[in-house]
There are 2 protein chains.
Amino acid sequence: MKFLKIPAATITRLSLYTRALEGQVKDQVTVVSSKKLAELCGVNPAQIRKDLAYFGQFGVRGVGYYVKELLFDIKKILGLHREWHLAIVGVGNLGCALVAHENFTKQGYRFVAAFDADPMKIGRKLVTGLLIYPPNQMHAICREKKVEMGVICTPAEFAQEIANRLVDAGVKALLNFAPTQIQAPEGIKVENVDFSVKLDNLAYFLTAG
Amino acid sequence: MKFLKIPAATITRLSLYTRALEGQVKDQVTVVSSKKLAELCGVNPAQIRKDLAYFGQFGVRGVGYYVKELLFDIKKILGLHREWHLAIVGVGNLGCALVAHENFTKQGYRFVAAFDADPMKIGRKLVTGLLIYPPNQMHAICREKKVEMGVICTPAEFAQEIANRLVDAGVKALLNFAPTQIQAPEGIKVENVDFSVKLDNLAYFLTAG
DNA sequence: GCCGGCATGTGCCTCTAATCACAAAAGATT
DNA sequence: AATCTTTTGTGATTAGAGGCACATGCCGGC
Ligand SMILES: NC(=O)c1ccc[n+]([C@@H]2O[C@H](COP(=O)([O-])OP(=O)(O)OC[C@H]3O[C@@H](n4cnc5c(N)ncnc54)[C@H](O)[C@@H]3O)[C@@H](O)[C@H]2O)c1
Ligand SMILES: NC(=O)c1ccc[n+]([C@@H]2O[C@H](COP(=O)([O-])OP(=O)(O)OC[C@H]3O[C@@H](n4cnc5c(N)ncnc54)[C@H](O)[C@@H]3O)[C@@H](O)[C@H]2O)c1
């Protein structure tokens, strides 16, 4: 276990490993080799061992990895051993689908606040019972509910403004679904989920690949 | 213009460039430099020039790039000058949001078929007027409607089976929203959209970063 | 028609990430 | 207890992507 900067790709793969491991737990498998896990995740076995090596030693030579143990350890590395408080901004088609999605809750991601600018929506409750607040209460509510991550589901033209507000309210991590590049100050992490870029990749593949 | 293998990251960035360029068109800007475009997209100017160099020469030295021309050229490279036929499988929370999303249509992605296993949904029409078919008609309908891309929005445990069926029906490109790794034969392109991996990245950042 | 300024296109270098290959070590076997 | 088998952990190697810097070439001004 050296003290090195960890590649972003490693973190993304760790997330993939947890999924495969959860599948193995469900299938009553107790031990897994890097080779087997690599097959399940579609990566190189050495890659897995190296990814894990950034954080310590988790395996037993000649045996492999104990599934439950490894799962626990990776979850702890990623910070999935605890619950996270999320706020959603923009409760339209996509926003509602996200809040309704029970997998997130299972993984420890809990929506504790919702915001929308539409006067017809403010004051209403989502299917989960979550109350919709107007954007101008973002600061107060986010602090009160200890929101740690913000999910942006508004049209693209408002995304930057919403991001600014969320940051202002002390939110340190943003998941942006709007098709636009968000500027955020140092120390704030922004992840983009961009469906149309993925579609464009497919279009290119079908055209040229 | 050399004959080289083009990095996947280049294609993804080209997609980003089109967005920025569309914004510039809207703002009546006629010429843009790699420096300016780089700022808009949050990348390095040389990166942009290099990305474009894979496909030819599009700029004018001492001037920059003509916005409309470049936009047209990049769209052509990506295959966005034409319409694409998509099928969606799994018309639940997420699936409905996707079909309802008008941006996709604007960009030339048209949903021409929808499938779901739920007997309550089969035979009904979506808000767009799209009829929902049972999965066993996938082969026939996909061929009839000339479906080129499949969008998978079913629970994870059915994703692989759906992928197989779509491939069997002649679909060459898949966009998978289910949190699972899909195996597809050579020549089939699979792109995954994975929200929870992104959330895990944020969790790691807040925990360790 | 020539000259200066400016942004592109591109060779070269750097840095990072992925893969290989082997020594180390744990458990099984005799 | 010694040896064999297996799979980890990791140094070395390879591949690849990103950034720098400059020559090239175009436009506008004089
Ligand atoms: N629906 C999809 O499948 C899809 C796919 C890709 C990207 N996106 C992106 O996700 C975002 C949301 O998509 P959608 O389909 O849910 O749109 P939508 O129109 O259904 O919902 C947008 C919601 O944001 C709210 N809103 C608008 N301005 C706001 C503001 N300033 N503050 C707070 N709330 C505000 C609206 O009232 C509405 O409820 C868009 O940027 C869209 O481009 C959506
Ligand atoms: N909703 C979200 O925000 C969200 C977020 C991340 C990932 N996902 C993933 O997207 C997928 C869909 O999510 P959702 O929220 O829309 O779920 P959902 O339960 O609302 O919808 C799933 C739909 O798939 C249909 N279906 C089930 N089995 C099928 C089969 N064999 N063939 C065809 N259709 C079938 C169901 O009838 C249902 O309509 C899931 O894999 C989920 O994990 C969703």
Side-chain angles (χ1 to χ4, degrees), chain A residues 1-17 20-21 24 29-71 73-74 77 181 201 204, chain B residues 1-17 20-21 24 29-71 73-74 77 181 197 201 204 209:
Chain A
M1 182 184 181
K2 304 284 179 53
F3 200 65
L4 290 168
K5 212 189 61 203
I6 289 131
T10 290
I11 304 304
T12 298
R13 280 190 298 267
L14 286 182
S15 183
L16 251 49
Y17 303 158
L21 290 170
Q24 294 299 291
V29 179
T30 56
V31 178
V32 75
S33 67
S34 59
K35 185 157 170 287
K36 182 75 200 301
L37 190 55
E39 273 166 29
L40 291 170
C41 301
V43 301
N44 184 297
Q47 183 83 79
I48 292 186
R49 299 199 295 274
K50 183 152 271 193
D51 284 339
L52 294 174
Y54 283 113
F55 301 96
Q57 308 205 155
F58 303 95
V60 181
R61 294 178 189 217
V63 177
Y65 301 90
Y66 292 102
V67 174
K68 281 192 181 171
E69 253 179 56
L70 183 60
L71 178 56
D73 289 334
I74 298 182
I77 291 165
Q181 204 61 24
N201 269 276
Y204 173 76
Chain B
M1 183 183 182
K2 303 285 178 54
F3 200 64
L4 291 167
K5 214 188 60 202
I6 289 132
T10 290
I11 304 304
T12 298
R13 280 191 297 269
L14 286 181
S15 184
L16 252 47
Y17 303 158
L21 290 170
Q24 295 298 293
V29 178
T30 55
V31 178
V32 75
S33 67
S34 60
K35 187 156 169 286
K36 181 73 199 301
L37 189 56
E39 275 165 26
L40 292 170
C41 301
V43 301
N44 184 294
Q47 184 81 78
I48 293 186
R49 299 199 295 272
K50 183 157 272 193
D51 284 339
L52 295 174
Y54 283 112
F55 301 96
Q57 310 204 152
F58 303 95
V60 182
R61 294 180 190 214
V63 177
Y65 301 90
Y66 293 102
V67 174
K68 282 192 180 171
E69 253 179 55
L70 183 61
L71 178 57
D73 289 334
I74 297 183
I77 291 166
Q181 204 61 24
V197 167
N201 269 276
Y204 173 75

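Letters A, B, ... mirror the listed sequences (proteins, then strands); counts begin at 1. This is a predicted model, so every value here is computed, not measured.
With sequence neighbours excluded, no residue forms a side chain to side chain contact (heavy atoms under 4.5 Å, CB included) with B:T30. Take B:R13 and apply the salt bridge (charged side-chain N to carboxylate O under 4.0 Å, His left out) test, not counting sequence neighbours, and it matches B:D51. By the side chain to side chain contact (heavy atoms under 4.5 Å, CB included) test, A:L16 pairs with A:R19, B:Q181, B:V197, sequence neighbours left out.
Taking all atoms of both residues into account, the shortest heavy-atom contact from B:V32 to B:L37 is CG2-N, 4.0 Å. Counting all heavy atoms, side chain and backbone alike, B:F58 lies closest to B:L52 at CE1-O, 3.4 Å. Annotation for B:A8 and A:N201: closest pair O-OD1, 4.3 Å, computed over non-hydrogen atoms. Nearest heavy-atom pair across B:F55 and A:Y204 is CE2-OH, 3.9 Å.
Under 4.0 angstrom from either OP1 or OP2 of D:dG25 there lies no side-chain N or O belonging to B:Q57. Between A:S33 and D:dT7, a side-chain N or O to OP1/OP2 separation shorter than 4.0 Å is absent. OP1 or OP2 of D:dT7 has not a single side-chain nitrogen or oxygen of A:S34 nearer than 4.0 Å.
The interatomic distance linking B:F58 (CZ) with D:dC26 (P) rounds to 16 Å, in whole Å. Distance B:I11 CD1 to D:dG16 P: 16 Å, rounded to the nearest Å. One atom, OH of B:Y65, and another, C1' of C:dA7, lie 8 Å apart when rounded to the nearest Å. D:dT8 atom P lies 9 Å from atom CD1 of A:I48, rounded to whole Å. Rounded to whole Å, the distance from CD on A:E69 to P on D:dT8 is 14 Å. A straight line from CD of A:E39 to P of D:dT7 spans 12 Å, rounded to a whole angstrom.
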Under 3.5 Å, which N/O atoms of the protein pair with N/O atoms of nucleotides 16-20 of chain C?
from, atom 1, to, atom 2, distance (Å)
C:dA18, OP1, A:R13, NH1, 3.2
C:dA18, OP2, A:R13, NH2, 3.1
C:dA18, O5', A:Q47, OE1, 3.4
C:dT19, OP2, A:Q47, OE1, 3.4
C:dT19, O4, A:K50, NZ, 2.9
C:dC20, OP2, A:N44, ND2, 3.3

Provide a list of protein-nucleic acid N or O atom pairs under 3.5 angstrom, restricted to nucleotides 24-30 of chain C.
from, atom 1, to, atom 2, distance (Å)
C:dA24, N3, A:R61, NH1, 2.9

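Listed by first and then second residue, the side-chain hydrogen bond (donor to acceptor under 3.5 Å, both in side chains) pairs that reach into residues 31-46 of chain B are B:S34-B:R49, sequence neighbours excluded. Pairs of residues two or more places apart, or lying in two chains, never qualify as salt bridge (charged side-chain N to carboxylate O under 4.0 Å, His left out) while including a residue from residues 59-71 of chain A.
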